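All values reported here derive from a predicted model rather than from experimental measurement.
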Amino acid sequence: MLVLKRELTRHGISQSELARALDVSPATVAQLVNHGIWPKRPAPEPLKTRITEILNQDGGDVSADLFEEEH
């Protein structure tokens with residue numbers, strides 16, 4: 001499970017909401033958040049950038065470790 005899952009909860013963003021914002025399926029977000037499996041398209045880097053932007057919208061400072069495995 002990625003740190004991203006905890007941060008989504010902390011920011012009150014559901015996986016479905018994130019999927020809509022990224023224009024991907026909820027299953028794609030579930031695979032990413034729960035198993036660290038990135039889709040082939042869209043490419044991971046633009047998705048990482050967009051996810052970080054979404055989480056930082058409320059003035060927060062989300063760290064770069066969002067995409068690391070949670071310990």
Side-chain angles (χ1 to χ4, degrees):
M1 173 173 45
L2 298 183
V3 171
L4 174 59
K5 186 170 187 171
R6 174 179 36 112
E7 289 299 309
L8 287 172
T9 301
R10 190 169 73 85
H11 287 267
I13 301 170
S14 71
Q15 290 182 24
S16 294
E17 290 172 314
L18 182 62
R20 281 190 296 277
L22 297 174
D23 197 26
V24 298
S25 72
T28 296
V29 171
Q31 286 288 74
L32 169 60
V33 169
N34 295 315
H35 306 291
I37 299 171
W38 289 88
K40 292 181 182 172
R41 290 195 182 128
E45 289 310 312
L47 282 179
K48 288 179 181 181
T49 300
R50 183 67 183 123
I51 291 167
T52 302
E53 289 171 352
I54 290 166
L55 290 175
N56 282 328
Q57 281 179 353
D58 66 357
D61 184 22
V62 177
S63 65
D65 69 348
L66 284 174
F67 310 108
E68 301 295 322
E69 289 291 323
E70 185 142 68
H71 302 289

To the nearest 0.5 Å, how far apart are OG1 in Thr28 and CG in Leu22?
9.5 Å
Just jot down the salt bridge (charged side-chain N to carboxylate O under 4.0 Å, His left out) partners of Arg20, sequence neighbours excluded, or say none.
none
Looking at CZ of Arg10 and CG of Leu55, how far apart are the two atoms once the value is rounded to the nearest 0.5 Å?
8.5 Å
Side-chain touch Phe67/Leu47, heavy atoms, less than 4.5 angstrom
no
Would the distance check show the side chain of Glu70 and the main-chain N or O of Val3 forming a donor-acceptor pair, the cut-off being under 3.5 Å?
no
Hey, could you give me the NZ/CD distance between Lys48 and Glu53, rounded to the nearest 0.5 Å?
14.5 Å
Flag side-chain contact, heavy atom, 4.5 Å: Glu69 against Leu2:
yes
What's the spacing between Glu7 CD and Asp65 CG if we round to 0.5 Å?
7.5 Å
For Ile51 and Leu32, what are the C-alpha separation, side-chain angles and deciding distance, and is it a side chain to side chain contact (heavy atoms under 4.5 Å, CB included)?
CA-CA 12 Å; Ile51 291 167; Leu32 169 60; 4.0 Å; yes
Of Lys5, Gln15, Glu17, the one forming a side-chain contact (heavy atoms from CB on, under 4.5 Å) with Val29 is Gln15
Side chains of Leu8 and Ile13: closer than 4.5 Å at any heavy-atom pair?
yes
